[in-house]
Each structure stands twice: as C-alpha cells, then as structure tokens.
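A short worksheet on the structure shown next.
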Amino acid sequence: MKSRSACCLPWPQSSRGKFSSEVLEMAVAGMDGKEEVIQAWYMDDSAEDQRLLHHREPKEFVALEKLDELGVLSWRLDADKYETDEDLKKIRKARGYSYVDFCEVSRETLPNYDEKIKNFFEEHLHTDEEIRYCVAGSGYFDVRDHDDKWIRIAVKKGGMIVLPAGIYHRFTLDTNNYIKAMRLFVGDPVWTPFNRPHDELPARKEYIETFGNKGIPEQAIEAR
Ligand SMILES: CSCCC(=O)/C(O)=C/O
Ligand SMILES: [Fe+2]
Ligand code: NI
C-alpha cells in the first residue's frame with residue numbers, strides 16, 4: 001500500500017508552475033492532432049440518453065488548455081503500439097505510473113454491465129488520480145468546472161487523460177457502446193468512488209485549494 005502523501009497530494013500548490021512545464025515537455029513528445037482524439041464541450045441539461053452528445057445549442061466547445069485549469073491533463077499517443085511506446089514510457093516514468101491494467105467496457109466483456117454503467121455515471125470523486133488511456137473504442141468523461149457546470153470530454157482511440165484526485169466526475173459509453181481503456185496508477189490501485197457529496201475528504205479539499213481558485217494566485221486572494 002503506498003503512502004497517503006504519495007497518492008492523495010499529487011499536485012501541491014507550490015509545484016503548479018513547475019508541473020506545467022513538465023507536462024508541456026511531455027505534450028511535445030506526444031503525437032500532434034490531440035483534438036482529433038480528445039474534444040470537450042459544455043453539456044446541455046437534457047435528461048435524454050446519457051450516451052448522446054448533449055451539446056448545447058449553439059455548441060460551446062472547451063479548449064483543452066482550459067481543462068488544464070481544472071487539473072485535467074491529456075495527451076495523444078499511438079494506441080497501435082502501446083506495448084512498446086516510448087512516449088507512454090516517458091509519461092509513466094515522469095508521473096510514477098507503475099501499475100497498468102485494462103478495463104473493457106461492453107455488455108459482452110464487463111461482468112455486471114448494467115450495474116457498472118450506472119455506477120460509472122453517478123457523480124463521484126476518487127482520492128487518487130483517474131488515469132485512462134483509450135486504446136480502442138470511445139467514451140465520455142464528464143467533469144465539473146469551477147462553476148459546477150458539466151464539461152463533457154470525449155475520448156477516442158489514442159486519447160489519454162488524467163482526472164486529478166478530488167474532482168467530481170462521471171463516465172459513460174457513447175452510442176458505440178464500447179471502450180477499451182488502459183488504467184494506470186501510482187502503486188497499488190485504489191478504485192473506490194465516493195459519490196457526491198464528499199466535500200469533507202482531504203483529497204477534495206486539496207483539489208479545491210489547488211485548482212478551485214480559477215488560477216488566481218494565492219497571495220491575490222489573501223490580499224482581498
Ligand atoms: C473507461 S474506464 C471505466 C470508467 C472508470 O473506471 C471510472 O472510474 C469512471 O469514473
Ligand atoms: Fe471515476
Ligand atoms: Ni491512495
């Protein structure tokens with residue numbers, strides 16, 4: 001079992017600037033055209049099938065850089081060579097992702113499919129990062145923005161995303177009804193979802209402290 005300090009405090013406020021340049025270097029190492037495999041947009045409020053696009057009218061896309069402000073990281077990698085990919089190795093080494101397995105979500109491959117699909121779509125947080133690399137199929141990771149609005153992040157084959165510990169989110173398949181995702185983790189995996197509300201958890205408080213101020217420096221807030 002890895003230590004709490006290693007798993008629950010991955011992005012202390014003080015390292016935020018340094019961390020961004022590290023991410024930038026890894027983005028340069030990855031493939032171009034990230035928007036071909038990862039796109040984000042604000043969702044409508046319709047209660048229709050969760051697997052539909054749920055665009056607003058007119059559509060409101062979200063730049064992937066804006067996801068940075070929420071602590072959400074993303075890369076495009078070559079999913080046809082994930083077993084030998086040097087870029088994936090670099091990301092794993094830089095971020096300490098020692099654990100890897102696969103989660104194949106479809107009615108045919110996932111035991112207790114209906115229950116799992118329902119649970120994935122319950123708004124929740126984790127006390128550690130949720131790291132998913134789509135190697136086949138596609139799906140939607142929805143995250144709450146600073147104003148508690150849903151942003152839908154569509155991930156296709158080759159898209160890798162990291163949701164920070166403490167961010168409220170949910171997952172659903174799209175109408176293709178299939179995704180195969182590599183799951184990565186620092187040390188022994190902990191997949192426990194904490195359904196909203198769980199604002200008292202240290203991971204949630206840490207998330208709010210680090211990312212909840214829309215990027216305004218701490219000193220500026222204190223001076224108000
Ligand atoms: C595509 S992996 C299945 C979804 C999942 O593991 C998760 O934790 C969603 O929040
Ligand atoms: Fe999750
Ligand atoms: Ni942990």
Side-chain angles (χ1 to χ4, degrees), residues 7-8 10-11 34 37-40 43 49-54 67 70-77 79 82 88 91-92 95 97-145 148-199 201-204 206-208 211:
C7 78
C8 294
W11 292 339
K34 187 160 69 168
V37 295
I38 303 176
Q39 277 198 339
M43 296 185 71
D49 187 341
Q50 67 195 46
R51 301 167 310 138
L52 298 177
L53 291 160
H54 285 277
L67 296 181
L70 302 175
V72 175
L73 308 177
S74 58
W75 298 271
R76 182 184 188 178
L77 297 171
Y82 66 78
L88 177 60
I91 293 169
R92 288 186 60 185
R95 300 190 56 80
Y97 298 151
S98 50
Y99 177 92
V100 170
D101 72 5
F102 290 89
C103 180
E104 201 169 18
V105 184
S106 71
R107 189 173 287 287
E108 294 72 33
T109 55
L110 189 66
N112 304 320
Y113 175 81
D114 289 310
E115 189 190 337
K116 296 247 177 69
I117 288 289
K118 186 169 168 290
N119 291 342
F120 288 155
F121 203 60
E122 286 288 329
E123 183 173 0
H124 64 274
L125 61 78
H126 303 282
T127 54
D128 300 275
E129 293 178 343
E130 178 163 314
I131 310 142
R132 300 290 185 268
Y133 173 20
C134 177
V135 298
S138 50
Y140 298 133
F141 294 84
D142 300 337
V143 297
R144 290 285 192 186
D145 79 352
D148 224 22
K149 297 191 174 102
W150 280 119
I151 294 176
R152 173 149 280 191
I153 307 173
V155 183
K156 295 184 190 167
K157 179 179 172 180
M160 176 169 174
I161 64 166
V162 176
L163 307 185
I167 193 172
Y168 282 120
H169 68 280
R170 63 189 180 189
F171 170 80
T172 179
L173 288 174
D174 58 25
T175 50
N176 293 315
N177 295 314
Y178 179 75
I179 193 169
K180 181 175 178 183
M182 181 187 285
R183 303 190 297 185
L184 301 101
F185 206 87
V186 180
D188 296 330
V190 180
W191 309 124
T192 316
F194 293 91
N195 287 350
R196 191 168 181 176
H198 258 99
D199 298 342
L201 288 176
R204 178 65 187 168
E206 180 76 14
Y207 176 74
I208 296 294
F211 295 106

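Both counts, for ligands and for their atoms, begin at 1 and track the order of listing.
Closest heavy-atom approach to atom 4 (C) of ligand 1 within the set Tyr140, Tyr133, Phe171: this belongs to Phe171.
For His169, the N/O/S atom at the shortest distance from the Fe ion (ligand 2) is named NE2. Checked against the Fe ion (ligand 2), the N, O or S atom of Glu130 at the shortest distance is OE1.
From the protein, the heavy atom lying nearest to atom 6 (O) of ligand 1 is Arg132 NH2, 2.8 Å. Given atom 7 (C) of ligand 1, the protein heavy atom at minimum distance is Glu130 OE2, 3.3 Å.
A donor-acceptor contact closer than 3.5 angstrom is absent between the side chains of Asp199 and Tyr207. In summary, the side chains of Glu108 and Tyr113 do not present any donor paired with an acceptor at a separation below 3.5 Å, with no hydrogens or angles considered. Looking only at atom types and distance, the side chain of His169 has a donor-acceptor partner in the side chain of His126 under 3.5 Å away. Counting only N and O atoms by type, the side chains of Asn177 and Arg51 include a donor and acceptor under 3.5 Å apart.
A cation-pi arrangement is not found for Arg144 relative to Tyr168, the charged atom failing to lie both closer than 6.0 Å to the ring centre and inside a 45° cone about the ring normal.
The shortest N/O to N/O separation between His124 and ligand 1 falls below 3.5 Å.
When each atom of ligand 1 is checked for a heavy atom of Ala181 under 4.0 Å away, the hits are 1 (C).
Ligand 1 lies nowhere less than 4.0 angstrom from a heavy atom belonging to Lys116.
Residue His169 touches ligand 1 through its side chain alone, judged by heavy-atom distances below 4.0 Å.
Distance check: Phe194 CZ to Glu122 CD gives 15.0 Å after rounding to the nearest 0.5 Å.
Between Tyr82 and Phe102, a ring centre-to-centre spacing shorter than 6.0 Å is recorded.
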